[in-house]
Each structure stands twice: as C-alpha cells, then as structure tokens.
Amino acid sequence: MAVALKSTGVQFPDGTNQIKKAYGVGTNQSWVNMTASRVAATTYTNTTERPIMISVITTAGNTTIDARLIVDGLQISKYVNNPNSSGIRHTITGLVPVGSTYSVTLVNTSVEKWMELR
C-alpha cells in the first residue's frame, strides 16, 4: 500500500495523518539572557529540539584580547584585537545545531552579556 504525501503531512493507508512542522531558526524562539548561568571555557550542549543562536558580548581593557565561539570542537567565530582603548566591546555569534556542544574561550576579556535565541 502506498503512502500519500499531503500538504498537511503524511496520510497512511489506514487514513491516519502524521504531521511534522518544520520551522526556521527564530520561529517561536526568543532571546534569553543566559549571562548568570554561563561561564567561559565550559562546554554546554544544545539539548533543545531546535538550532539555537549564540551571541556573546565581551568587554576588554587596554590589552590584546581573543574571543572565540567553539561548536563541536570547531572554531566558528573569532575576534582578536590589538590594544587601543579600554572598555571596548566585541561580539561573537554563531549557530549551534541540535545536540551539538558549544563553548566560548576568552583571553584578556570577560563576558558582559551572553544571549541565546532558544
């Protein structure tokens, strides 16, 4: 017996339907301030059922900094600067697939705000 594809899902020979909705990143998601519950150099796992977006704002003094977002062991976002003036802010961002691990590594800078679209 054949299975028919319908715009509302899959209809099986017994007449039942199975519907699975697919949403793009950002649909039914909102930005959550995770600053209080995230620490640099710690590995986290995206245990949600959707990809999440990470945005980390760092603040540095008058020194060279290095900020990186690592997903599944791969560097996907990096910011390095030379000293110029104190209080400069930088942002690293990236997408974390479902089930993937992620962490932020920082040298001579600190997290000002850690946001996740989840």
Side-chain angles (χ1 to χ4, degrees):
M1 294 183 144
V3 175
L5 292 177
K6 302 237 177 201
S7 61
T8 57
V10 176
Q11 185 175 38
F12 292 91
D14 65 0
T16 60
N17 287 308
Q18 180 177 355
I19 299 171
K20 181 169 183 165
K21 295 181 180 179
Y23 298 106
V25 174
T27 304
N28 297 329
Q29 292 178 298
S30 58
W31 285 104
V32 179
N33 187 338
M34 303 294 285
T35 307
S37 61
R38 295 289 188 254
V39 178
T42 301
T43 300
Y44 300 97
T45 301
N46 177 6
T47 58
T48 71
E49 295 180 355
R50 311 263 307 275
I52 60 176
M53 183 77 171
I54 308 297
S55 179
V56 178
I57 301 169
T58 65
T59 303
N62 200 8
T63 185
T64 300
I65 71 147
D66 187 326
R68 300 168 191 234
L69 175 60
I70 310 297
V71 176
D72 291 334
L74 301 171
Q75 175 184 290
I76 64 161
S77 185
K78 173 182 174 181
Y79 187 89
V80 177
N81 80 326
N82 292 320
N84 46 23
S85 61
S86 63
I88 299 297
R89 289 167 176 81
H90 310 285
T91 304
I92 53 174
T93 61
L95 196 62
V96 181
V98 175
S100 291
T101 59
Y102 60 102
S103 64
V104 170
T105 61
L106 304 174
V107 176
N108 296 327
T109 187
S110 59
V111 172
E112 179 178 309
K113 187 177 276 189
W114 186 312
M115 301 293 291
E116 296 185 7
L117 183 66
R118 45 180 47 248

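Remember, predicted model here, so these are calculated numbers, not experimental data. The first residue of the sequence shown is numbered 1, and numbering continues consecutively from there. Keep in mind that the numbers below use all heavy atoms, side chains included, and drop hydrogens, waters and symmetry copies.
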Does a side-chain heavy-atom distance below 4.5 Å link Val104 with Arg38? no
Nearest heavy-atom approach of Thr48 to Arg118 is CG2-NH1, 3.5 Å
Less than 3.5 Å apart, any donor N or O on the side chain of Glu116 or Tyr44 sitting next to an acceptor on the other? no
Answer yes if Ile65 and Val111 sit in the same cluster of Ile, Leu, Val, Met, Phe, Trp and Tyr residues linked by side chain heavy atoms under 4.5 Å apart, and no otherwise. yes
Is the backbone of Thr47 close enough, under 3.5 Å, to the side chain of Thr45 for a donor and an acceptor to pair up by distance? no
Say whether Val71 and Tyr79 are linked into one hydrophobic cluster, either directly or through other cluster members, by side-chain heavy-atom distances under 4.5 angstrom. yes
Are Val39 and Leu106 grouped together when hydrophobic residues (ILVMFWY) are joined by side-chain heavy atoms under 4.5 angstrom apart? yes
Shortest non-hydrogen contact from Ile54 to Val56? CG2-CG2, 3.8 Å
Using side chain to side chain donor-acceptor pair (under 3.5 Å), reason through Ser100 and Asn46 one step at a time and then give a plain yes or no. CA-CA 6 Å; Ser100 291; Asn46 177 6; over 6 Å; no
For Ile70 and Gln75, the nearest pair of non-hydrogen atoms, with its separation, is CD1-CA, 3.7 Å
For a 4.5 angstrom cut-off between non-hydrogen side-chain atoms, does Ser110 reach Thr58? no
Run the side chain to side chain contact (heavy atoms under 4.5 Å, CB included) check on Ile52 and Leu117 step by step: do they pass? CA-CA 5 Å; Ile52 60 176; Leu117 183 66; 5.8 Å; no
Just verifying a value: how many Å separate Lys113 NZ and Ile57 CD1, rounded to the nearest 0.5 Å? 6.0 Å
Shared hydrophobic cluster for Ile76 and Met53 (ILVMFWY, side-chain gaps under 4.5 Å): no
Val32-Trp114 co-clustered via ILVMFWY side chain contacts under 4.5 Å: yes
Which heavy-atom pair separates Asp66 from Thr109 by the least distance, and what is that distance? O-CG2, 4.2 Å
Sub-3.5 Å donor-acceptor pair from the side chain of Asn33 to the main-chain atoms of Thr35, do we have one? yes
Heavy-atom nearest pair, Ser55 first then Thr91, reads OG-CG2, 3.5 Å
In short, Ile92 meets Leu69 closest at the heavy-atom pair CD1-N, 3.8 Å
